[in-house]
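We use all heavy atoms of the structure for the numbers below, so side chains are in, but hydrogens, waters and symmetry mates are not. These numbers come from a predicted model, not from an experiment.
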Amino acid sequence: MGNEPTQAAAELYLDYARHWFTGHSELYSQWAGGVAGSKALLELIADLPAPKRQPNLVFAAARFHGCPDEPFPVLESYLGRHWPEVRRIIMGRATQTNEAGRCATLLPALAMVEEQEKRPLALIEVGPSAGLCLLPDLYSYSYDGAPRLGTGSPLLRCTTTGNPPIPPALPDIAWRAGVDLNPLDGTDPDTVAWLRALVWPGQEARLEQLDAALATLATLKSGELQGVAGPPLILAGDLNERIVELVETAPKHAVPVVMHSAVLAYLDEPRRTRFAETIATLGCRWISNEAFFMDESNQTRENSEGNHFTLALDKVPLARTGQHGAQLDWL
């Protein structure tokens, strides 16, 4: 394992095995640890472009192609036999996990904006994938086992600490929009299969949640839901090129709220800084839910709390959140 890309791949997979997957998917933790010790697989993975070496992507591509959720030797053998086909999937797709559960951690921040602005919200998500996080008013919620808030599906369950400001009612959403390099159609069977492959093994509740959220999206697109904002308008393109257009298109009676979860980590520092500087000129509100936050100088401040995200409103940290939305620790 002498060359630098191979060693970097080994370190990446070992980090995921020890931190991101542990406690969330034992199979993925085992797979990542196995890859970190497999010279043959590391050489294959090291030959990928750096952004495509991500364990989530490689493992999802293997499962999408047909690899069963079995112990690491099965994965090692499968990739050895099917690498050219799996590699094509890796190169042609991205980890566009559409985690509706994050709406449970975004909801208090959305409610804060609505209370402060006294207007309905125009939601604009960067990196929305299929747009499931643009439907927070169509789901329902239970925090710490409390009675259900809302009547929609799925029911998103979240445990909390620090007494977060849970709203008494769901926010009034006037408009939904987003921009993504590769927008996904959540009603397309092939897309649905890919989104399901992105859910980590052993997380059946997340899978059921995804299926329910996709069903809600399909119902919204069919026109069956009355009295709510219609399906999300999702544009294809770079967030820095199209965010101004979306904010300016938002209905004037609503407050534009730009939001994102686990997106800015895929941008380099200059593109993140450009995004933050652009947001500052648009007169909108900004909710970020990332493994870091941008400070007042538009510098990245890493989250020191392990595999949690930082929820921030207009650059002010509000909470630490679970990466899939099941935990909210208010600051």
S288 and L311: CA distance, side-chain angles, deciding distance, side chain to side chain contact (heavy atoms under 4.5 Å, CB included) verdict: CA-CA 6 Å; S288 69; L311 176 70; over 6 Å; no
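- Side-chain contact between P136 and L170: absent, with no pair of heavy atoms (C-beta onward) separated by less than 4.5 Å.
- Annotation: side chain of W200 is in contact with side chain of N56 (closest heavy-atom distance under 4.5 Å).
- Using a cutoff of 4.0 Å between basic side-chain nitrogens and carboxylate oxygens, E114 and R119 are not scored as salt-bridged.
- We find the CG-CG distance between L239 and D180 to be 9.0 Å, quoted to the nearest 0.5 Å.
- Remark: the backbone N or O of C133 is not paired with any side-chain donor or acceptor of R102 at under 3.5 angstrom.
- Residue N163 qualifies as open at atom CG: its count of foreign heavy atoms under 6.0 Å is 12 or below.
- Using a 3.5 Å distance cut-off with no hydrogens or angles, the side chains of S142 and R148 do not pair a donor with an acceptor.
- The two residues W330 and P164 have their closest heavy-atom pair at CE3-CB, 3.6 Å.
- Within the 3.5 Å criterion, the main-chain N or O of E115 finds a donor-acceptor partner in the side chain of K118.
- Rounded to the nearest 0.5 angstrom, I89 CD1 and L57 CG are separated by 10.0 Å.
- V126 and L134 fall into different hydrophobic clusters, where Ile, Leu, Val, Met, Phe, Trp and Tyr are joined by side-chain heavy atoms under 4.5 Å apart, directly or via other members.
- Residues I287 and V247 do not share a hydrophobic cluster, clusters being chains of Ile/Leu/Val/Met/Phe/Trp/Tyr side chains in contact below 4.5 Å.
- Separation of atoms CD (Q323) and OG1 (T97) is listed at 10.0 Å; rounding is to 0.5 Å.
- At least one donor-acceptor pair under 3.5 Å links the side chain of T278 to the backbone N or O of R274.
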Let me see the working for Y16 and W31 under ring-ring contact (aromatic ring centres under 6.0 Å, His included), right down to the final yes or no. CA-CA 10 Å; Y16 268 76; W31 280 10; over 10 Å; no
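- Between F275 and H260, the ring-plane angle classifies as perpendicular under the 30° and 60° cut-offs.
- The pair R93-D190 meets the salt-bridge criterion, since a charged nitrogen lies less than 4.0 angstrom from a carboxylate oxygen.
- With 3.5 Å as the limit, one finds a donor-acceptor pair spanning the side chains of Q327 and D329.
- One hydrophobic cluster, built from ILVMFWY side chains closer than 4.5 Å, cannot hold both L233 and V257; they sit in different ones.
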Given salt bridge (charged side-chain N to carboxylate O under 4.0 Å, His left out), test R176 with E125 step by step and report yes or no. CA-CA 8 Å; R176 318 172 199 275; E125 186 177 10; over 6 Å; no
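- The existence of a salt bridge linking D238 and R271 is confirmed by a sub-4.0 Å separation between a basic side-chain nitrogen and an acidic carboxylate oxygen.
- With rounding to the nearest 0.5 Å, the separation of CG in N98 from CD in Q96 is 8.5 Å.
- Contact check on E269 versus R272 returns a salt bridge, with a Lys/Arg side-chain nitrogen under 4.0 Å from an Asp/Glu carboxylate oxygen.
- When all heavy atoms of G186 and V192 are compared, the pair lying nearest together is O-CG2, 3.4 Å.
- M112 places a side-chain heavy atom less than 4.5 Å from the side chain of P165.
- Under the 4.5 Å side-chain criterion, counting only non-hydrogen atoms from C-beta, T159 is not in contact with Y143.
- In this structure a side-chain-to-backbone donor-acceptor pair under 3.5 Å is missing from R285 to L121.
- At a threshold of 4.5 Å between non-hydrogen side-chain atoms, the residues F72 and S38 count as touching.
- Judged purely by atom type and a 3.5 angstrom limit, R320 has no side-chain atom pairing as donor or acceptor with the backbone of T310.
- Annotation: side chain of L110 is in contact with side chain of L123 (closest heavy-atom distance under 4.5 Å).
- Between the S140 side chain and the S153 main chain, no donor and acceptor come within less than 3.5 Å of each other.
- Counting only N and O atoms by type, the side chains of E224 and T219 include no donor and acceptor under 3.5 Å apart.
- For T22 (side chain) and A17 (main-chain N/O), a donor-acceptor pair under 3.5 Å exists by modelled atom type.
- Counting heavy atoms from C-beta outward, Q209 and E99 have side chains that approach closer than 4.5 Å.
- Rounding to the nearest 0.5 Å gives a distance of 11.5 Å between CD of E85 and CD1 of I90.
- Note on I173 and W175: separate hydrophobic clusters, where clusters join Ile, Leu, Val, Met, Phe, Trp and Tyr whose side-chain heavy atoms are under 4.5 Å apart, directly or indirectly.
- Proximity of a side-chain donor or acceptor of D137 to a complementary backbone N or O of P171 within less than 3.5 Å is not detected.
- Looking at P55 and V35, their side chains never come closer than 4.5 Å, going by heavy atoms from C-beta outward.
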Assess whether side-chain hydrogen bond (donor to acceptor under 3.5 Å, both in side chains) is satisfied between S77 and R81, documenting all intermediate values. CA-CA 6 Å; S77 173; R81 289 181 285 115; 3.3 Å; yes
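- Once rounded to the nearest 0.5 Å, the distance linking CD of Q203 with CD of E208 reads 12.0 Å.
- Looking at Q54 and T95, their side chains do bring a donor and an acceptor atom within 3.5 Å of each other.
- For D185 and K221, the salt-bridge test passes: some basic side-chain N is under 4.0 Å from an acidic carboxylate O.
- Side chain of E290 to backbone of A262: a donor-acceptor contact under 3.5 angstrom is found.
- The closest donor-acceptor contact from the side chain of T216 to the backbone of A212 lies under 3.5 Å.
- In the hydrophobic clustering of this structure, V179 groups with V263; members are Ile, Leu, Val, Met, Phe, Trp, Tyr whose side-chain heavy atoms approach within less than 4.5 Å, directly or through other members.
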